[in-house]
Undergrad: 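The structure under discussion is supplied below as structure tokens; questions concerning it will follow.
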Amino acid sequence: MSKRSDAANSACAYRRAGITPASGIGRLKELTGREKEVLLLLGTGLGNRQLARELGIAERTVKAHVARIVEKLGQETRLQAAVLSVLSHNALCADPHCPCQHHALTPGIRNPSAA
């Protein structure tokens, strides 16, 4: 391997890119209850049409919610918000029987309703 590839592999990809996927977690408290519900579903990978069906709202309303969520969390894209949703699942999901509650992806993030 060349020295360049060795150097590239030694540093964290997040640090190299200057991106922290969980940077918006501290802003979750700024979301309304409905926005948290939309964000949680966004983390499942559903498209706007499916989200609208699941939530019982218009697709246009889903788009508005997603745009506000992205802005409030300081993210640039819907995908970044979806990644944040997965990383902060325990803080968003209030279902005590959710199988994901037992598999926290980020240490120190807990479901506030479980406290």
Undergrad: So, taking the atom named CG in Leu40 and the one named CG in Leu31, what distance separates them when rounded to the nearest 0.5 Å?
TA: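 So the gap between those two atoms works out to 11.5 Å.
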Undergrad: My understanding is that only residues two or more places apart in sequence, or in another chain, count here; which of them pass salt bridge (charged side-chain N to carboxylate O under 4.0 Å, His left out) with Arg60?
TA: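 Expected list: none.
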Undergrad: For residues 61-74, which residue pairs qualify under salt bridge (Lys or Arg N to Asp or Glu O under 4.0 Å), counting only residues two or more places apart or in two chains?
TA: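 Qualifying pairs: Glu35-Arg68, Glu35-Lys72.
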Undergrad: Walk me through whether Asn48 and Arg53 qualify under side chain to side chain donor-acceptor pair (under 3.5 Å).
TA: CA-CA 9 Å; Asn48 288 342; Arg53 254 188 259 132; over 6 Å; no
Undergrad: May I have the step-by-step check of side-chain contact (heavy atoms from CB on, under 4.5 Å) for Glu37 and Leu55, ending in yes or no?
TA: CA-CA 9 Å; Glu37 184 179 6; Leu55 294 164; 3.5 Å; yes
Undergrad: With no hydrogens and no angle check, is any side-chain donor or acceptor of Gln80 less than 3.5 Å from a backbone partner on Arg78?
TA: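 Pair absent, no side-chain N/O of Gln80 close to backbone of Arg78.
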Undergrad: Can you name the nearest heavy-atom pair linking Ala52 to Ala58, along with the distance?
TA: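 Looks like CB-C, 3.9 Å.
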Undergrad: Using side-chain heavy atoms (C-beta onward) and a distance below 4.5 Å, is His65 in contact with Leu51?
TA: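 Answer no - side chains too far apart.
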Undergrad: Nearest 0.5 Å, please: how far is CG in Asp95 from SG in Cys100?
TA: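 Between Cys100 SG and Asp95 CG, I get 9.5 Å after rounding to 0.5 Å.
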Undergrad: Does the side chain of Leu84 reach to within under 4.5 Å of the side chain of Ile25, using non-hydrogen atoms?
TA: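 Yes, at least one pair of side-chain atoms sits under 4.5 Å.
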Undergrad: Under 3.5 Å, side chain of Ser85 to main-chain N/O of Leu42, donor-acceptor pair present?
TA: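 No, because the side chain of Ser85 does not come within donor-acceptor range (under 3.5 Å) of the backbone of Leu42.
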Undergrad: Roughly how far apart are Arg27 CZ and Ile69 CD1, rounded to 0.5 Å?
TA: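 Reported value, rounded in 0.5 Å steps: 14.0 Å.
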